[in-house]
Colleague: 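First the structure, then my questions, so here it is.
Everything numeric here is computed off the predicted structure, so don't read it as measured data.
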Amino acid sequence: MSNRWLDDSTVGVCRDHPRYPSAPPFHPSESYPEWPAAEVSPEDNAAYRAVRGALLAAGLDAGRCGTADWNPFGALIRPGDTVLIKPNLVSHRNMGAKFFGITDTDSLVTHGSVIRAVFDYAARALDGAGTIIIGDCPVQGSDWHAIVSLTGLDALAAHAARRFPGVRLAIRDFRLGTAVMTGERMAARRVDESRRGEYEEVDLGRDSALVPLMSGSYSFGVAQYPRHRMRRAHSPDQNLYLLPKAFLDADVVINVPKLKSHMKAGVTCALKNFVGLNGHKDYLPHFRFGSPRHGGDEYPDGNWLADLMWSLMHADWERDGGPAKAAFYYGAGVCNRVLRYACGYPKGYTSLGGGSWFGNDTVWRMILDINRAFLHYDASARRVRRDDARPRRYFAVIDGLVGGHRESPLAPTPYPAGLVLCGANPVAVDTVATAYMGFDWRRVKQIARAFESHTLPLATFGADDVRIFGDERVACVEDIYRTGAHHAFEPSLGYRGHIEYVPDAPRSPAAVREPAFPDVVTPPTPLPEA
C-alpha cells in the first residue's frame, strides 16, 4: 500500500450478510491464519469477515495474505505510531423514533464490530508499541456514555488491554459544546472552553472553497448554533476550522464512516465524516441564511410566513437558554402549523430548512475544506502547505453492511446493503460508495467538485481512473451502473429526484428536475446538525 493517498485510486470491496453480531467485543466467528490464538465467537460475525475481505481485495500486504504474517496495515502504520480511528458516532439514538417509529441504530452509527476489526489490524501493525485513539464529535444533544455503550467501545477497551497490552487505547469525545434537551427541543447549550488548548484553528485562507461565495452580502450559518464564531472564523482572507490536535498530530488516521444518505450533503461517506472532528460546530458553514430570493441557500423560496418562521428559529439559535429561547421556538412552531393547515404547505416543508435541500451550495464547500485542512496540514510547520513534502498516512473503511437512507443522517431508515469498502483516497472511496448506493456521483457536489483542479488537490486522477477490486461484476465506477450492481437507496426529502442514478440521463449536475416535495411526515423543526 502506498502512503501517497493523493495518487491511489484503488478501492477494495467486500459483500457479505447485511447484519452485525450482537455481543461485544465482537470476536471473529472464523479462525484466521494471522490470528492463530484469537478467541472465536459462536455468533456469526459478517463485519469482521467483510472488513478483512475488503482489505484483502484492496491488495494490502498481498505477498503474505493467507499466512500468519499477514499485516494489512503494515505499510501504513509503524510501531510506536499514534493512530486515530474516526468512526461515525453521531448520536446515541435514532431521531426518527418519534416521527417515523424508527429506533434502529445499526444504520445510524459505525457499528462496533467494524471498529473492532479495524482496531485489531491497526494494533497488529503497531506490534506492541503505540497509541490508538478512537474519537468523534457527536451532535451536541447526544449522550457520550450511551454512545460508548451502544457501540461496545467499553468492551473493546477491555479486549485491547488483554490482547494488546503494549498498545494504549483512548476513547475520546472531542466536543467542546453539548446541549440539554427537553424532548426534541434544545433547552440550553453548554460550552466547555477548559479544553480549548487541545484544539487548533487551521486556516485555509483564500484556498477555501467558500471564498467565491463572499463577493457580495453573505452570512453563513449552522442550524441550532449562534453566528458569532462563524462570523469570526470565515472571511475572504481567513477561513478557520477548529480541529483537535490529537487529530492533526496523529501519525495515521483511519476514517471509518457509515454508508448513509444525508439531508444537507446528499450522501455521507468518507469526505463528510471528517466534518465530525470539529470541536465547535459553529465553525462549519452549512448554508447561507435565507432563501435564494434573499441571496441564501438555507431553504427553498416560500411566502412571507415561511421567512418569519425561520427568522424566529434564528432568534432561538442565537440564545444559549432561557424563556426567550423557548418563546422563539414555540413561535416558529405556530408559523409552521399555519403554513401547513392554512397555506397548504406539505408536512415535510420545514425539514428542508438548515440547508437540507438540493439547492444548498455551501455545505459541499465546507466538506472539501475540512479534508484539505487535514490532508494538507503539516504538523511540524503547524499550517496547511501547498506542497506534499510530508504526505499524510490515511486510509478509509466504510461500514455499509447496513446503511442508512431517507431522512438520514440522524433519522435513517436501515438499508441492507451488505457492503464494506476501503481505500487510501477519500474521493475514490466515496465515488464508488455513492455509485453502489444508486446515486449519480456527478450530481453529488462534494464528490464531483473534489476531482477538479485546486491548489490543495484531493485526487490526481479522475473518476474513470478509479479501480475496484473484490466485486467480480465491476472493475470501474461505470460498471456499477452498467451491470446493475448498485442498490436503491432513497435520498432525503430535499434531494429526492436530484441525485438518483437514471440510465441514459444527461451527465450534468444542472440536468435535474425541479423540486418535488412529497407529503411525508417529517419533524416540525430542523434536526440538530450532524
Colleague: Are side-chain N/O atoms of His159 and Arg116 paired as donor and acceptor at under 3.5 Å?
Modeller: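 The criterion, which ignores hydrogens and geometry beyond distance, is satisfied for Arg116 and His159.
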
Colleague: Can a cation-pi geometry be assigned to Arg124 and Trp70, taking NZ or CZ under 6.0 Å from the six-membered ring centre and within 45° of the ring axis?
Modeller: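 Arg124 over Trp70 ring: no.
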
Colleague: Apply side chain to side chain contact (heavy atoms under 4.5 Å, CB included) to residues Leu284 and Val363 and explain how you reach the verdict.
Modeller: CA-CA 8 Å; Leu284 302 172; Val363 72; over 6 Å; no

Colleague: Can Asp369 and Ser208 be counted as having a side-chain donor-acceptor contact under 3.5 angstrom?
Modeller: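 Looking only at side-chain atoms, Ser208 and Asp369 do form a donor-acceptor pair, the distance falling under 3.5 Å.
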
Colleague: Going through the distances and angles, do Arg288 and Thr362 end up as a side-chain hydrogen bond (donor to acceptor under 3.5 Å, both in side chains)?
Modeller: CA-CA 7 Å; Arg288 285 165 291 153; Thr362 302; 3.2 Å; yes

Colleague: Please check if any side-chain donor atom of Tyr48 sits under 3.5 Å from a side-chain acceptor atom of Asp120, or the reverse.
Modeller: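 The answer is yes; a qualifying pair exists.
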
Colleague: Does Arg52 come within less than 4.0 Å of Glu34, counting only side-chain N to carboxylate O?
Modeller: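 Counted as a salt bridge, because a side-chain N and a carboxylate O are separated by less than 4.0 Å.
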
Colleague: Can you tell me how the ring of Tyr20 sits relative to the ring of His111, calling it parallel under 30°, perpendicular over 60° and tilted otherwise?
Modeller: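 Aromatic pair Tyr20/His111 classed parallel.
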
Colleague: Given side chains that start at C-beta, do those of His376 and Pro457 come closer than 4.5 Å, heavy atoms only?
Modeller: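 Result yes, sub-4.5 Å side-chain heavy-atom pair found.
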
Colleague: Would you indicate whether the side-chain heavy atoms of Phe220 and Tyr283 approach each other to under 4.5 Å?
Modeller: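 When only atoms from C-beta onward are counted, Phe220 and Tyr283 do not touch, as no gap falls below 4.5 Å.
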
Colleague: Show your working on side-chain hydrogen bond (donor to acceptor under 3.5 Å, both in side chains) between Thr105 and Asn94 and close with a plain yes or no.
Modeller: CA-CA 6 Å; Thr105 56; Asn94 190 316; over 6 Å; no

Colleague: So do the side chains of Trp144 and Pro138 get within less than 4.5 Å of each other, counting heavy atoms only?
Modeller: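 Yes, their side chains come closer than 4.5 Å.
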
Colleague: Is it true that Arg473 and Asp479 make a salt bridge, defined as a side-chain N closer than 4.0 Å to a carboxylate O?
Modeller: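 Looking at Asp479 together with Arg473, the answer is no, because their closest N to O distance does not fall below 4.0 Å.
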
Colleague: Quick one, Lys264 with Ser356, criterion side-chain hydrogen bond (donor to acceptor under 3.5 Å, both in side chains). Give me CA distance, side-chain angles, the key distance, then yes/no.
Modeller: CA-CA 4 Å; Lys264 292 174 174 57; Ser356 298; 3.1 Å; yes

Colleague: With Lys258, which of Thr110, Asn88, Asp399 fulfils side chain to side chain donor-acceptor pair (under 3.5 Å)?
Modeller: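 Only one option passes, and that is Asp399.
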
Colleague: Using 4.0 Å as the upper bound for N to carboxylate O, is an ion pair formed by Asp44 and Arg49?
Modeller: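 Looking at Arg49 and Asp44, the cut-off is met.
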
Colleague: Taking only residues two or more places apart in sequence or in another chain, which ones pass ring pair (Phe, Tyr, Trp, His ring centres under 6.0 Å) with Phe451?
Modeller: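 Applying ring pair (Phe, Tyr, Trp, His ring centres under 6.0 Å) to Phe451 gives Trp441.
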
Colleague: Pairing donors with acceptors under 3.5 angstrom, does anything connect the side chains of Tyr436 and Asp471?
Modeller: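 Present: a donor and an acceptor within the cut-off.
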
Colleague: Do Ile480 and Ile468 come close enough that some side-chain heavy atom pair is under 4.5 Å?
Modeller: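 They are in contact (side-chain heavy atoms under 4.5 Å apart), so the answer is yes.
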
Colleague: Any side-chain donor-acceptor pair under 3.5 Å between Asn255 and Tyr394?
Modeller: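 Present: a donor and an acceptor within the cut-off.
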
Colleague: How about Glu407 and Ser351: does a side-chain donor come under 3.5 Å of a side-chain acceptor?
Modeller: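 Not at all, the side chains of Glu407 and Ser351 share no donor-acceptor pair under 3.5 Å.
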
Colleague: Side chains of Thr131 and Val83: closer than 4.5 Å at any heavy-atom pair?
Modeller: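 No - every pair of side-chain heavy atoms lies 4.5 Å or more apart.
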
Colleague: If we only count heavy atoms from C-beta on, is the Ile77 to Ile254 side-chain gap below 4.5 Å?
Modeller: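 Yes, their side chains come closer than 4.5 Å.
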
Colleague: Would you tell me whether Trp357 and Asn360 have side-chain atoms, one donor and one acceptor, within less than 3.5 Å of each other?
Modeller: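 Per modelled atom types, Trp357 and Asn360 side chains form no pair under 3.5 Å.
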
Colleague: Among Tyr241, Trp5, Phe274, which one satisfies ring-ring contact (aromatic ring centres under 6.0 Å, His included) with Phe374?
Modeller: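 Of all the options given, the one that passes is Phe274.
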
Colleague: Locate the shortest heavy-atom distance separating Leu150 from Ser91; write the atom from each residue and the value.
Modeller: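 The answer is CD2-O, 4.3 Å.
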
Colleague: Do Val11 and Phe469 have side chains that approach each other closer than 4.5 Å (heavy atoms only, starting at C-beta)?
Modeller: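 The answer is no, as the side chains (C-beta and beyond) never meet within the 4.5 Å cut-off.
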
